[in-house]
Protein chains: 2
Amino acid sequence: MKSMASTSEKILDIAQSLIVAGGYNGFSYADISAAIGIRKASIHHHFPTKAELVAVLVDRYRQQAETGLQALRAQVASPAEQLQFYLNYWDTCIRDASQPFCVCAMLAGEMPMLPDEVASRVRAHFQSLAAWLASVLSAGAQQDLFRLNGRPEEEAQILMASVHGAMLSSRAFGDPGLFIAIISTQVAKLTK
Amino acid sequence: MKSMASTSEKILDIAQSLIVAGGYNGFSYADISAAIGIRKASIHHHFPTKAELVAVLVDRYRQQAETGLQALRAQVASPAEQLQFYLNYWDTCIRDASQPFCVCAMLAGEMPMLPDEVASRVRAHFQSLAAWLASVLSAGAQQDLFRLNGRPEEEAQILMASVHGAMLSSRAFGDPGLFIAIISTQVAKLTK
DNA sequence: TACAGCCTTCCTACTGGTAGGTAGATCACA
DNA sequence: TGTGATCTACCTACCAGTAGGAAGGCTGTA
């Protein structure tokens, strides 16, 4: 026996993949219902409203990301390698199509019409991701691994934008390889 | 008399601003109907289906962009200034909230569930924008205005990703100034 | 052991409202 | 007289969300 995921986790899994594909308005309770073989009403039992479902989903995603990035900083010594691992993660996700887009980047695009409880959580993810990148860049600069043109916070914003923009381009062109093609050249400027 | 926009153009205008706010699934014929004071059925007279409406909308957007970028290359001598004008255009749009996102970037995010006739047009926009940027960068490099680390096509992809990613960040943080903060630092690396 | 009460989960059946889209009449204008 | 634009009225399908009940598990009490 491998996966004994609870129903609510299955719901979140499906919802996340549907959001990644089509955004907040791009999925319905009926879609989830059909995907995991449960009635619509049962989903409302676990998540009374759609806004709540997505808010919980983003919380879960944020925590997974936070945990993963913290672990990366703890287990991988070099900031350069920390950055590389982070980028490889997304490259792999995009290549095997398991998670070809960041759910928060997707939702950020729809920000103006997102329920407040979702929007604030998406904002929080952007903030903590930017902070993590800034700390990695800062540590790397101190070790002379990176050559930064601006403050670490600025470079982190640029890097984050490049990552999300590269996801978008990769998706627009339907070319999974484009992500790493864009990002590796971009990172080369930092590390050289 | 100033604006004598036809009904179909008014429909496209509203639809575009609604898509920019919430994507393909984030607006309805009823929304447009309410916004311009016309019945839903009348919109169907001009655009029989939603897919067709958005396809025409993207065509119009592409043509406007193409015309604008061509004019820029014709009227502005320096590639460095051409690039700056392009970026200033978006900075202005984002600041005055008139068009705080590229409609094609928005749609690119929803690519997996877009009607084919829309998806192909979005792809085409990304291609021609990348080509324009590549040609500007290439011309600038020849005049020693830009220092490129890779082929112009590669640098163009990075720049395009940065622009779209910066739009996303700017929107996520609710900070119109973030766009140019990200982009100007990024461009500084090219021009120095 | 056995029963009683409660809780969680999932169900069927339904609501009011909105989605995209259609049929056919009316109006204005050439 | 015809043609395009708009209207009213309507369709079917789907939306998020609700009401109420059935089934099964857990716990406390006898």
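Scope of the values below: all heavy atoms of this structure, side chains included, with no hydrogens, waters or symmetry mates. A note on names: the letters A, B, ... follow the listed sequences, proteins ahead of strands, and every chain is numbered from 1.
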Short side-chain N/O contact from [X] to OP1 or OP2 of [N], under 4.0 Å:
X	N	value
B:Ser28	C:dA19	yes
A:Thr7	C:dT9	no
A:His45	C:dC10	no
A:Ser42	C:dC11	yes
A:His46	C:dC10	yes

Donor/acceptor link under 3.5 angstrom from B:Lys50 side chain onto base of C:dG21:
no

Heavy atoms only, 4.0 Å cut-off, all strands: where does B:Phe47 land among base, sugar-phosphate and nothing?
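Touches nothing.
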
What is the distance from [atom1] of [X] to [atom2] of [N], rounded to the nearest Å?
X	N	atom1	atom2	answer
B:Leu53	C:dA19	CG	P	14 Å
B:Ile36	D:dC7	CD1	C1'	14 Å
B:Glu9	D:dA5	CD	P	13 Å
A:Glu52	D:dA16	CD	C1'	13 Å
A:Lys40	D:dA19	NZ	P	15 Å
A:Ile43	D:dA16	CD1	P	10 Å
A:Tyr24	D:dC15	OH	P	14 Å
B:Asp31	C:dA19	CG	P	6 Å

Where at least one partner belongs to residues 74-98 of chain B, residue pairs that pass salt bridge (Lys or Arg N to Asp or Glu O under 4.0 Å), sequence neighbours excluded:
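Non-adjacent pairs meeting salt bridge (Lys or Arg N to Asp or Glu O under 4.0 Å): B:Asp91-B:Arg95.
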
Contacts of type side-chain hydrogen bond (donor to acceptor under 3.5 Å, both in side chains), residue A:Lys189, not counting sequence neighbours
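A:Lys189 satisfies side-chain hydrogen bond (donor to acceptor under 3.5 Å, both in side chains) with B:Glu155 only.
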
Pair listing, ring-ring contact (aromatic ring centres under 6.0 Å, His included) test, anchored in residues 5-31 of chain B, at least two apart
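Of all non-adjacent pairs touching residues 5-31 of chain B, those that pass ring-ring contact (aromatic ring centres under 6.0 Å, His included) are B:Tyr29-B:His44.
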
I need the full list of ring-ring contact (aromatic ring centres under 6.0 Å, His included) pairs touching residues 95-120 of chain B, with sequence neighbours left out, sorted by first then second residue.
none

Does A:Ile38 or B:Thr49 map to a spot on DNA chain C nearer the 5' end, using the closest nucleotide for each?
A:Ile38

A correct 5'-to-3' footprint of nucleotides 24-30 of chain C, with B, S and - meaning base, sugar-phosphate only and no protein heavy atom under 4.0 Å, is -------

Set of ring-ring contact (aromatic ring centres under 6.0 Å, His included) partners for A:Phe146, sequence neighbours left out
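ring-ring contact (aromatic ring centres under 6.0 Å, His included) list for A:Phe146, sorted by chain: empty.
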
Does atom CZ of A:Phe85 have more than 12 heavy-atom neighbours, drawn from other residues, nucleotides or ligands, at distances under 6.0 Å?
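Atom CZ in A:Phe85 is not crowded, with 12 or fewer foreign heavy atoms closer than 6.0 Å.
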
I'd like to know if A:Arg60 pairs up with A:Asp13 as an ion pair, taking the criterion as any Lys NZ or Arg NE/NH1/NH2 lying under 4.0 Å from an Asp or Glu carboxylate oxygen.
yes

Residue B:Tyr29, side-chain heavy atoms: nucleotide from C:dC11, D:dA16, C:dG20 that is nearest:
C:dG20

